[in-house]
Asks: 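Quick one: structure below, then a few questions.
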Amino acid sequence: ADLGAEKFMDIKCRKTGLHPRATVLVATLRGLRLHGGIKDGATPEETTQAMVKGFENLDKHIENMQAFGQPVIVTLNRYGDDSDSDIALLTDHCKQKGVGFAANEVFAKGGEGAEELARTLIETIEREGAKEVNFVYDDTDTVTEKIEKVCKKIYGAKGVIISKKAKK
């Protein structure tokens, strides 16, 4: 939910008048572990610790989408080796962050495996109602101002240095 989502919101939605009702962030436990710095040969305890550390990355994506004014739902693409205890940790984390959560088992169960996600999405949209998109930058901003705002607001940059060649 960084550059692709930012372009969708700031460009596509602005230019077409689209107003998404919610954002669904797709996660995997494997991806969270990788963002948490898992090492080869990690013990089950170290694997869970890496997953929890990976929540920091997920949290930044949640924060970015909420800054656009979007209610957020995290869905877990569940794999056969995902433990119930690790899924419970992710579920609890999402509750603490105030975002919806649904496991997604569509690959294993087809449409039936997405029913929880569908219910969660509908409930969220009905509860939250329609909201305007909060754009990162104004259409009237200069290219430099747009770059600076995206870098700072989406990626957490403290500043931006643009070379003379790039300015030209």
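Since the model is a prediction, treat every value here as computed from it, not as a measurement.
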Asks: Determine whether Phe68 and Val136 satisfy the following criterion, side-chain contact (heavy atoms from CB on, under 4.5 Å), listing intermediate values before the conclusion.
Replies: CA-CA 7 Å; Phe68 281 108; Val136 171; 3.5 Å; yes

Asks: By side chain to side chain donor-acceptor pair (under 3.5 Å), which residues pair with Glu145, not counting sequence neighbours?
Replies: Thr142

Asks: Is it true that Val99 and Leu25 fall in one hydrophobic cluster, defined by side-chain heavy atoms closer than 4.5 Å?
Replies: yes

Asks: Quick one: CG on Asp81 to CZ on Arg30, what's the gap to the nearest 0.5 Å?
Replies: 5.5 Å

Asks: If you measure from CG on Leu34 to CG on Asn57, what distance do you get to the nearest 0.5 Å?
Replies: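 So the gap between those two atoms works out to 10.5 Å.
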
Asks: Measuring from Leu76:CG to Asp82:CG, what's the distance to the nearest 0.5 Å?
Replies: 5.5 Å

Asks: Rounded to the nearest 0.5 Å, what separates atom NZ in Lys39 from atom CD in Glu46?
Replies: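 These two atoms lie 10.0 Å from each other.
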
Asks: Could you list all the ring pair (Phe, Tyr, Trp, His ring centres under 6.0 Å) pairs where at least one residue sits in residues 79-122, not counting sequence neighbours?
Replies: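 Every ring pair (Phe, Tyr, Trp, His ring centres under 6.0 Å) pair that includes a residue of residues 79-122, provided the two are not neighbours, is Phe55-His93.
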
Asks: Within a strict 4.5 Å, meaning less than it, do heavy atoms of the Met9 and Pro20 side chains meet?
Replies: yes

Asks: In chain order, what residues pass the ring pair (Phe, Tyr, Trp, His ring centres under 6.0 Å) check against Tyr137, with sequence neighbours excluded?
Replies: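 Ring pair (Phe, Tyr, Trp, His ring centres under 6.0 Å) list for Tyr137, sorted by chain: empty.
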
Asks: If you take all heavy atoms of Gly111 and Val106, which pair is closest and at what distance?
Replies: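 Scanning both residues completely, I find the closest heavy atoms to be N-CG2, 4.2 Å.
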
Asks: Is Lys15 salt-bridged to Asp139, cutoff N-O under 4.0 Å?
Replies: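 Looking at Asp139 together with Lys15, the answer is yes, because their closest N to O distance falls below 4.0 Å.
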
Asks: Show me the side-chain donor-acceptor pairs of residues 122-133 shorter than 3.5 Å, one per line, residues at least two apart or across chains.
Replies:
residue, atom, partner, partner atom, Å
Thr124, OG1, Thr120, O, 2.8
Glu128, OE1, Lys131, NZ, 3.0

Asks: Please report the interatomic distance OG1(Thr75) to CG(Leu117), rounded to the nearest 0.5 Å.
Replies: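 Here the interatomic distance stands at 4.5 Å.
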
Asks: Listed by chain and number, what are the side-chain contact (heavy atoms from CB on, under 4.5 Å) partners of Ala88, not counting sequence neighbours?
Replies: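 With sequence neighbours excluded, Ala88 shows a side-chain contact (heavy atoms from CB on, under 4.5 Å) to no residue whatsoever.
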
Asks: For Lys60 versus Lys153, what's the shortest heavy-atom pair and its separation?
Replies: NZ-O, 3.6 Å

Asks: Keeping to residues at least two apart or across chains, list the salt bridge (Lys or Arg N to Asp or Glu O under 4.0 Å) pairs with something in residues 109-119.
Replies: Glu105-Lys109

Asks: Can you list the residues that meet the side-chain contact (heavy atoms from CB on, under 4.5 Å) rule with Val143, with sequence neighbours excluded?
Replies: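 side-chain contact (heavy atoms from CB on, under 4.5 Å) check on Val143 returns Ile147.
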
Asks: In the structure I gave you, are the side-chain heavy atoms of Val74 and Ile62 within less than 4.5 Å of one another anywhere?
Replies: yes

Asks: Please identify each residue that fulfils ring pair (Phe, Tyr, Trp, His ring centres under 6.0 Å) with His35, with sequence neighbours left out.
Replies: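 Listed in chain order: nothing, the list is empty.
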
Asks: For Ser85, check side-chain contact (heavy atoms from CB on, under 4.5 Å) against everything at least two apart and list the hits.
Replies: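 Expected list: Ser83.
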
Asks: Under a single-linkage definition using a 4.5 Å side-chain heavy-atom cutoff for Ile, Leu, Val, Met, Phe, Trp and Tyr, are Leu121 and Met65 assigned to the same hydrophobic cluster?
Replies: no

Asks: What's the spacing between Ile154 CD1 and Asn64 CG if we round to 0.5 Å?
Replies: 4.0 Å

Asks: Check whether any side-chain N or O of Asp138 sits under 3.5 Å from a backbone N or O of Thr140 as a donor-acceptor pair, and report yes or no.
Replies: no

Asks: Any chain of hydrophobic side-chain contacts (each under 4.5 Å) joining Phe135 to Ile11?
Replies: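 Yes: a chain of side-chain contacts under 4.5 Å links Phe135 to Ile11.
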
Asks: Only counting residues at least two apart or in another chain, list the ones meeting side-chain contact (heavy atoms from CB on, under 4.5 Å) with Leu18.
Replies: Phe8, Lys12, Cys13, Thr16

Asks: Using atom types as modelled and distance alone, determine if a side-chain donor or acceptor of Glu6 lies under 3.5 Å from a backbone N or O of Val150.
Replies: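 Between the backbone of Val150 and the side chain of Glu6 there is no qualifying donor-acceptor contact (under 3.5 Å).
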
Asks: Between the side chains of Asp84 and Arg78, is the shortest nitrogen-to-carboxylate-oxygen separation below 4.0 Å, so that they form an ion pair?
Replies: yes

Asks: Linking directly or through intermediates, with side-chain heavy atoms under 4.5 Å: list the remaining ILVMFWY members grouped with Ile161, chain and number order.
Replies: none

Asks: Using a 3.5 Å cut-off and no angle test, enumerate the donor-acceptor pairs between side-chain atoms of residues 47-54 and protein atoms at least two apart in sequence or in another chain.
Replies:
residue, atom, partner, partner atom, Å
Thr47, OG1, Thr43, O, 2.9
Thr48, OG1, Pro44, O, 3.3
Thr48, OG1, Asp86, OD1, 2.9
Gln49, NE2, Glu45, OE2, 3.4
Lys53, NZ, Glu56, OE1, 3.4
Lys53, NZ, Glu56, OE2, 3.3

